[in-house]
Amino acid sequence: GVDSTNGGGGAKLVKQDSLLLDGERISFAENNKTVTVEVKDIKLRGIASASYFSKPKPYVVFQCAETREKTTVSKAINGDCEWGKEIFKFELERAQFYNGKFDKLQVWVFDKEFLRRKNHIGNVCISLAGINVHEIDSWFALEGVGGDGTAGEIHLCISFVDQNSK
């Protein structure tokens with residue numbers, strides 16, 4: 001009885017504590033619990049207006065984990081526009097990012113019209129797998145409402161900051 005209660009129980013407790021020290025709770029500092037996904041250099045090309053009567057006035061909505069952000073409304077010239085100074089940062093829980101729970105960036109492009117509040121132009125879901133190794137700097141095809149692939153393209157530069165890796 002004595003060996004299994006004190007010895008076995010004590011060994012299990014020490015083992016659990018050592019697992020915590022090796023895991024995500026090694027530091028209770030707030031910045032060590034999160035990673036940041038940063039989105040910048042946002043550009044659109046080849047988009048069409050959702051209305052036949054006006055030029056597109058697009059804006060972009062991003063969702064990563066539970067957080068949504070949106071750009072300002074821009075005026076597209078010949079179907080192209082950019083948001084050069086707008087940068088969006090998404091703070092994610094470290095453990096959930098590395099476990100693959102929040103490993104996607106959802107992107108929607110809308111056309112803000114005078115008569116209707118918004119019209120969907122296109123969307124894309126971007127995998128963030130491997131972003132902790134290299135940044136993503138690329139054009140992505142937007143999937144249109146009808147699925148015909150003519151919704152244009154969006155350019156994003158997506159980078160990753162993990163405070164623990166520095």
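For the single chain, residues carry numbers from 1 onward in sequence order. Atoms considered below: every heavy atom in the structure, side chains included; atoms not considered: hydrogens, waters and symmetry mates.
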Heavy-atom closest pair (F160 atom, I131 atom, distance to 0.1 Å) is CB-O, 3.4 Å
Checklist entry - Side chains of H155 and D137: do they bring a donor and an acceptor to under 3.5 Å? => result yes
> Distance-only, no hydrogens or angles: does the E86 side chain make a donor-acceptor pair with backbone N or O of T72 under 3.5 Å?
Replying inline: yes
Scanning both residues in full, the closest heavy-atom pair of C157 with E135 reads SG-OE2, 3.5 Å
Distance col, row L92:CG vs T67:OG1, nearest 0.5 angstrom, shows 7.0 Å
In this structure, CD of E153 is separated from OG of S138 (nearest 0.5 Å) by 9.0 Å
Note: A151 and L142 closest approach over all heavy atoms is CB-O, 3.4 Å
Rounded to the nearest 0.5 Å, the NZ atom of K89 sits from the OG1 atom of T36 at a distance of 7.0 Å
Heavy atoms of C81 and P58 approach each other most closely as SG-CG, 3.5 Å
How are the rings of F62 and F90 set to each other: parallel, tilted or perpendicular (split at 30° and 60°)? perpendicular
When every non-hydrogen atom of K104 is compared with those of C125, the smallest separation belongs to CD-SG, 3.6 Å
dist I126:CD1 -> I154:CD1 (nearest 0.5 Å) comes out at 7.0 Å
* Asked: So, D80 side chain and G46 main chain: donor-acceptor pair closer than 3.5 Å or not?
  -> yes
NZ (K43) and CZ (R45) are apart, to the nearest 0.5 Å, by 9.0 Å
Closest non-hydrogen atoms of S127 and I136, given as atom of the first, atom of the second and distance, are O-CD1, 3.8 Å
Notebook entry, point to check: L44, W139: one ILVMFWY side-chain cluster at the under-4.5 Å cut-off?
Noted result: no
So if you build clusters from Ile, Leu, Val, Met, Phe, Trp, Tyr with side-chain heavy-atom gaps below 4.5 Å, do F110 and V73 land together? yes
* Asked: Is it true that K40 and E38 make a salt bridge, defined as a side-chain N closer than 4.0 Å to a carboxylate O?
  -> yes
| Salt-bridged, D111 to K57, with N to O below 4.0 Å? | no
Inset, instruction - Output yes when a side-chain donor or acceptor of T71 lies under 3.5 Å from a complementary backbone atom of V60, and no otherwise. - result: yes
